[in-house]
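For reference, the structure is listed below as structure tokens.
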Amino acid sequence: MPETESTGKINATCKGILKLISLLLLLYLFVCSLDILSSAFQLVGGKAAGMLFYGGSIIYNPIAGLMIGVLVTVMVQSSSTSTSIIVSMVSSSLLSVKAAIPIVMGANIGTSVTNTMVALMQAGDRDEFRRAFAGATVHDFFNWLSVLVLLPLEVATDYLLSVSRIVINYFHINSGEDAPDLLKVITKPLTKLIIQLDKKVIFEIAAGNEAAKIKSLVKIWCKTSKNVSLSNVTVAFRENCSSPTLCWTEGNLTWTLHNVTHKKNIEKCKHLFVNVDLSDSGIGLILLSLSLLVLCTCLILIVKILNSMLKGRVAAVIKKTINTDFPFPFAWLAGYLAILVGAGMTFIVQSSSVFTSTITPLVGIGVISLERAYPLTLGSNIGTTTTAILAALASPGNTLENSLQIALCHFFFNLSGVLLWYPIPFMRLPIRLARGLGNISATYRWFAIFYLNVCFIIFPLVVFGLSLAGWTVLVSVTVPIILVLLIIMSLWTFEAHYVLPLWMRSLEPWDEIITFLREKCCQQRCCYFLGVCCKVVFLPWKWGLKRKQENVKEVPSKTSSSSIDTASITKEEESPDLKVPSSKVEVNG
């Protein structure tokens, strides 16, 4: 008997170690797939993002700048890339600090799209999806609400510009080192074998270099050398000569001496697509599909392993440790400690998207509560600003001041948002809004896709288009819509939404329309491509029943709990989302 118990303990220990190793390996692949996903989005939309930055006078419109920041960050799936482009443009005097502030705010919003996409992968389980989507969108609501309050304040008072200028003038700041890139050191050995990008192309397009538009983002040569030599070159006029003594005319041509840089290619890169004869968009679409496949697979397996590991006492201890508060009267310190943890972890991995995307499935399976995920996310928002700050500190002396000022504006914007939406419990609106959105999306799963597209693509594009038409058109269209939305949200907040018409207070009418379209497109014969598109789009909520189907139970007349209609139970159990154990079903006769 003792030998059997010891053998069982050894087996359990070995299984636990194996699960832990598998979990770490899957987490590594998950992070790598996020990196490849970012590269894929840059291949597909990187050049378009660069051209958005080079928008002429329209970029100085704060609303247009905000939407440019959102769209660019969504397209490249990396706030670090977009903020680096902004810092580079500011340091080279292509963009003023004041005009760059709204773009940085938009980049802050765009970076939250990644963890929202990750939450969609847990749509198979209704309860997990409810928690995961709430945990992901609390980041969205924090960023949107912060912009809604702080952007008008900044336009009216220039407080971010003023505070950052005071800090720069007060401290004697010298150039520093680049931010520690621990995450890249770990993931680069694998990701560089798959794809390597030349991100300078996007910077050149943003700076207005027309020749860069025809260059490929795919890096071909990894080892090059540059030689600078004096060469005879022709110029249009004698005024273009390097000096009057180094200028001569031969026939109709004017010659001078200039330093010419000759680039010599030494060694090709060794990634999968170095010799592939495909366009950037083609390679990007291939990587996009493969990275999403790996991302989904890793996420599903991570959730399964965590569910198997976090059972019984282990789950209770972990949940209690993560979600517990300090003893009275220091209970309030736990949230601020979580903010510091979030900031520190994001500083280490140098990516808020990776950190928030990693905690999203943990919120989904219930290990981290929404109340604890919120301060972790706020800390992550602060931690991600260190990338731009440390990169600015490494700038040359002549560009240091402007580069550091816009990086500090990014930091003070996030800090202001934290001070606005966290210290006072009543002001923690993002938690309440995210929980409500999670409940709605768990019931009507199509709404999650609708929210993602409207919030990060349709709304920014529409507002950007209205900005191009001028302030008069923008104000006359958006102000009435915003007022109506605020009234509706206020009625919902104070539970007075019953005064609204049915289509404004309930998604049931919309759900019937969506269900009708799904049945027509996916279940009946129609255009092949439209049918395939519908099946893909409707996949997240196809696994579940509608709310009214879930709540309706057949009630047999004059029967006891032991004589239940087995046919109806069998029919209900066919749905993967509606599992009714026969031992728990009670019918009142």
Side-chain angles (χ1 to χ4, degrees), residues 49-73 79-111 143-171 173 203 206-208 381-382 384-385 387-389 391-393 395-417 419-420 460 463-464 466-472 474-475 478:
M51 286 187 282
L52 270 177
F53 273 124
Y54 188 66
S57 59
I58 187 63
I59 206 169
Y60 287 88
N61 180 331
I63 303 297
L66 176 72
M67 297 307 155
I68 287 172
V70 176
L71 292 169
V72 167
T73 309
S79 62
S80 298
T81 299
S82 54
T83 50
S84 296
I85 295 174
I86 297 167
V87 170
S88 175
M89 292 180 69
V90 169
S91 66
S92 56
S93 300
L94 293 171
L95 191 64
S96 67
V97 175
K98 184 174 181 177
I101 291 174
I103 306 176
V104 168
M105 292 182 180
N108 224 53
I109 294 172
T111 191
N143 287 326
W144 279 109
L145 288 172
S146 297
V147 166
L148 189 64
V149 175
L150 298 177
L151 179 59
L153 182 64
E154 172 62 22
V155 172
T157 64
D158 288 334
Y159 89 98
L160 290 175
L161 199 67
S162 303
V163 171
S164 59
R165 171 60 59 187
I166 290 171
V167 172
I168 289 175
N169 291 338
Y170 183 79
F171 293 99
I173 300 172
F203 283 77
N381 255 26
I382 294 175
T384 193
T385 62
T387 305
I389 291 175
L393 287 173
S395 301
N398 59 334
T399 64
L400 173 63
E401 188 173 313
N402 287 337
S403 302
L404 185 58
Q405 188 173 5
I406 187 59
L408 286 174
C409 287
H410 189 196
F411 169 75
F412 285 122
F413 166 70
N414 281 305
L415 184 62
S416 301
L419 295 175
L420 183 63
V463 175
F464 179 68
L466 292 172
S467 301
L468 295 176
W471 275 105
T472 305
L474 177 64
V475 172
T478 56

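No hydrogens, no waters, no symmetry mates; every other heavy atom, side chains included, goes into these values. Predicted, not measured: the structure shown is a model, and the values here were computed from it.
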task = In sequence, state the C-alpha distance, the side-chain angles, and the governing distance for Leu66 and Ile109, and then conclude on side-chain contact (heavy atoms from CB on, under 4.5 Å).
result = CA-CA 9 Å; Leu66 176 72; Ile109 294 172; 4.3 Å; yes

task = Please collect all ring pair (Phe, Tyr, Trp, His ring centres under 6.0 Å) contacts where either partner lies in residues 143-167, sequence neighbours excluded, each pair once.
result = Trp144-Phe459

query = Which residues pass the side-chain contact (heavy atoms from CB on, under 4.5 Å) test with Ala100, sequence neighbours left out?
reply = Ile86, Val90, Leu95, Ile406

remark   = Here the salt bridge (Lys or Arg N to Asp or Glu O under 4.0 Å) pairs for residues 96-110, sequence neighbours left out, are Lys98-Asp158

inquiry  = Any heavy-atom pair between the side chains of Leu404 and Val167 that's under 4.5 Å?
reply    = no

message = Just to verify, what does Ser146 make a side-chain contact (heavy atoms from CB on, under 4.5 Å) with, not counting sequence neighbours?
response = Phe142, Leu150, Phe413, Trp421

key: Interatomic distance, Thr385 atom OG1 to Asn108 atom CG [nearest 0.5 angstrom]   = 9.0 Å

query = Does some side-chain heavy atom of Thr384 sit less than 4.5 Å from a side-chain heavy atom of Thr111?
reply = no

message = Quick check: closest heavy atoms across Thr73 and Gly110, and the distance to 0.1 Å?
response = CG2-C, 3.6 Å

ask   = side-chain contact (heavy atoms from CB on, under 4.5 Å) with Leu160: which of His410, Gln405, Met105?
value = Met105

ask   = Looking at side-chain heavy atoms only, is the closest gap between Ile63 and Leu151 below 4.5 Å?
value = yes

remark   = Separation between CD1 (Ile166) and CG (Leu161), nearest 0.5 Å, reads 10.5 Å

inquiry  = Quick test of your reading: applying salt bridge (Lys or Arg N to Asp or Glu O under 4.0 Å), list the pairs with at least one residue in residues 162-171, sequence neighbours left out, ordered by first then second residue.
reply    = Arg165-Glu401

request  = To the nearest 0.5 angstrom, please state how far the CE atom of Met67 sits from the CG atom of Leu468.
outcome  = 12.5 Å

Donor-acceptor contact present, side-chain Asn381 to main-chain Asn414, <3.5 Å = no

key: Inter-residue atom distance Ser164.OG - Ile101.CD1, 0.5 Å rounding   = 6.0 Å

